[in-house]
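Below: one structure, written as structure tokens.
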Amino acid sequence: MQKTEQIEIRRGLKDVYLDTTEASFIDGEIGKLLYRGYSIHDLAEQSTFEEVSYLLLYGRLPTRAELEAFDAGLRAERAIPKEVVDIIDMVKASHPMDVLRTGVSALSAFDPEVRDNSIEATIRKGLRLTAKAPTIVATHERLRKGQRPVEPNLNLNHAGNFLSMLFDKEPSEEEAYIMDVDFILHAEHGANASAFAARVTASTQSDLHSAVVTGIATLKGPAHGGAAEDVMKMAEEIATPENAESYTRQLLESGGRVMGFGHRVYKAEDPRARHLRARSKDLGEKKGEPKWFQILSTLYDVMSPYQAKGIYVNVDFYAGSIYQLMGIPDDLFISLFALGRIPGWTLQVVEQFSNNILIRPLVQYTGPMDLEYVPIEKRG
Ligand code: ACO
């Protein structure tokens, strides 16, 4: 018999601390985010995705020589096996996140260290997955459009190479820079749903590929990574800045949620949104398409009374408009989030392996008890 009076249920594990971490610090009340102790603002403004990945995986900023070696290691790992390209081709009609999940799962068959759960091997696998995942996403995009996949360009940085594989064209410096900032902002975020799910998988002493597959599967939902896509769908439905106010009010009055607002942890503005807001505005003006930013700004204003309830914009709010302006299809948006997050998932798995305990909570049973089993021939 369960002792119901002693059970405290925290639905959704709200406000529950799972473990300690040295990965990132989040103060949701004031909108503060640090990776390994460094401000997200300094990293977004001054670092690169390669350097941030090193910082996350090794716990400190690299020297120039260390960064060069790390970057060379990433560049050398960009290609994916032909068999994985064939698998992507077979499933190319699926959603890009399903294809990414399948592609990462398939990569496990070709990774020489797939079963080695040592910290060193897990970091090496994380580096390989970080390097190869953009190739999966770009290869899929090309194949589903009936185009030949583009080989990785070893002369370009991580973000620039991704855009070059996607569009078969070297990106402008500005677009490569924006993609780089976007990857930095998505790289790590504590025990969010996908990282938690990855940790659960790791806690059974499964392996990094399995944990990253879990992370991708969990990120896909609209309550987590799917919001950027939904924000843009909403902006497309709104269509003109003049419609934004009435659309939002109707949505709220009918009990709907405005995508890109609200966060389980942040009860102030998500500090990552600031950088994407600036990029969204600049890029819209440069491309002669300021309307997306104008629509988002009106949504922001209509939602401002909700700040009193702790509902502010989150990282996904401006991201979609940037991707759209860069010519990236809507259904690829979550995959971009996933590409940035691989170092973070790897670090969460490393932390889990470093001090492992099986993650296995309880659920309180509320169904009937001790029912009599009636054989099927006697059931009426
Ligand atoms: N629009 C309108 N109202 C909202 C929104 C929103 N986007 N988000 C929360 N609320 C309201 C809820 O209706 C609820 O109001 P009530 O107390 O009057 O019933 C209150 O705020 C609390 O909402 P919960 O769902 O309990 O908060 P929770 O922490 O569980 O949800 C979540 C967080 C899922 C992100 C939610 O804010 C949401 O659905 N947002 C829209 C989707 C989105 O943008 N997701 C991306 C999150 S960021 C990320 O994963 C990278």
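Just follow the structure's listing: the first ligand is 1, and inside any ligand the first atom is 1. One is the number of the first residue; the rest follow in order along the sequence. For clarity, every value in this text was computed on a predicted model and none was experimentally measured.
For atom 22 (C) of ligand 1, the closest heavy atom belonging to the protein is Arg257 NH2, 4.9 Å. Scanning the protein for heavy atoms near atom 1 (N) of ligand 1, the closest one is Val258 N, 3.0 Å. For atom 28 (P) of ligand 1, the closest non-hydrogen atom of the protein is Arg264 NE, 3.6 Å. Atom 21 (O) of ligand 1 has Ile311 CD1, 3.2 Å as its closest protein atom, hydrogens excluded (heavy atom only). Of the protein's non-hydrogen atoms, Lys309 NZ, 3.6 Å is the one closest to atom 15 (O) of ligand 1. Regarding atom 40 (N) of ligand 1, its nearest protein heavy-atom neighbour is Phe261 O, 2.9 Å. With hydrogens left out, the protein atom closest to atom 49 (C) of ligand 1 is His224 O, 3.7 Å, a heavy atom. Regarding atom 48 (S) of ligand 1, its nearest protein heavy-atom neighbour is His263 CD2, 3.6 Å.
When heavy-atom distances to ligand 1 are checked against a 4.0 Å cut-off, Phe317 has no atom that comes that close, whether in backbone or side chain. Using a 4.0 Å cut-off between heavy atoms, His189 makes no contact with ligand 1 at all. Neither the backbone nor the side chain of Asp270 has a heavy atom within less than 4.0 Å of ligand 1. Residue contacts with ligand 1, taken as heavy atom pairs separated by less than 4.0 Å, involve Pro222 solely via the backbone atoms N, CA, C and O. With a heavy-atom cut-off of 4.0 Å, Asn192 does not touch ligand 1 at all.
The backbone N or O of Asp98 lies less than 3.5 Å from no partner atom in the side chain of Lys220, so there is not a single donor-acceptor pair. Judged by distance alone, the side chain of Ser210 and the main-chain N or O of Ser206 form no donor-acceptor pair under 3.5 Å.
Residues Met97 and Asp331 form no side-chain contact, since every pair of their non-hydrogen atoms from C-beta on lies 4.5 Å or further apart. The shortest side-chain heavy-atom distance between Leu283 and Phe293 does not fall under the 4.5 Å cut-off.
In this structure, Glu188 does not pair ionically with Arg36, as no charged nitrogen and carboxylate oxygen lie closer than 4.0 Å. Note on Lys281 versus Glu285: salt bridge recorded, some NZ/NE/NH1/NH2 to OD/OE distance being below 4.0 Å. Ion pairing between a basic and an acidic side chain is recognised when a charged N comes within 4.0 Å of a carboxylate O; Lys145 and Glu141 show such pairing.
At least one heavy atom of Lys14 sits closer than 4.0 Å to an atom of ligand 1. Using a 4.0 Å heavy-atom cutoff, Gly12 is absent from the residues neighbouring ligand 1.
At a 3.5 angstrom cut-off on N or O pairs, Gly260 counts as close to ligand 1.
Phe162 and Phe183 have tilted rings, their planes meeting at an angle from 30° to 60° on a 0 to 90° scale. Under the 30°/60° scheme for interplanar angles, the aromatic rings of His224 and Phe337 are found to stand perpendicular.
Put simply, atom 37 (O) of ligand 1 has protein non-hydrogen atoms near it, under 4.0 Å away. Distances from atom 25 (O) of ligand 1 to the protein include at least one heavy-atom value under 4.0 Å.
Atoms of ligand 1 found under 4.0 Å from any heavy atom of Asp316 (numbered from 1 in listed order, with element): 46 (C), 49 (C), 51 (C). Short contacts between ligand 1 and Ala227, defined as distances under 4.0 Å to a heavy atom of the residue, involve ligand atoms 43 (C), 44 (O), 45 (N), 46 (C). Close approach to Phe337 involves these atoms of ligand 1, each under 4.0 Å from a residue heavy atom: 51 (C). The distance from ligand 1 to the heavy atoms of Val315 drops below 4.0 Å at these ligand atoms: 51 (C).
Annotation: cation-pi pair Arg277/Tyr312 absent, no NZ/CZ under 6.0 Å from the ring centroid and within 45° of its normal.
Hydrophobic clustering, with ILVMFWY side chains joined whenever heavy atoms are under 4.5 angstrom apart, groups Tyr318 together with Leu332.
Residue Tyr35 is tested with Val52, Asp42, Leu347 for a side chain to side chain contact (heavy atoms under 4.5 Å, CB included); the sole match is Val52.
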Before you tell me yes or no, could you show the steps for Phe110 and His209 under ring-ring contact (aromatic ring centres under 6.0 Å, His included), namely the whole-Å CA-CA distance, both residues' side-chain angles and the distance that decides it to 0.1 Å? CA-CA 11 Å; Phe110 302 92; His209 284 78; over 10 Å; no
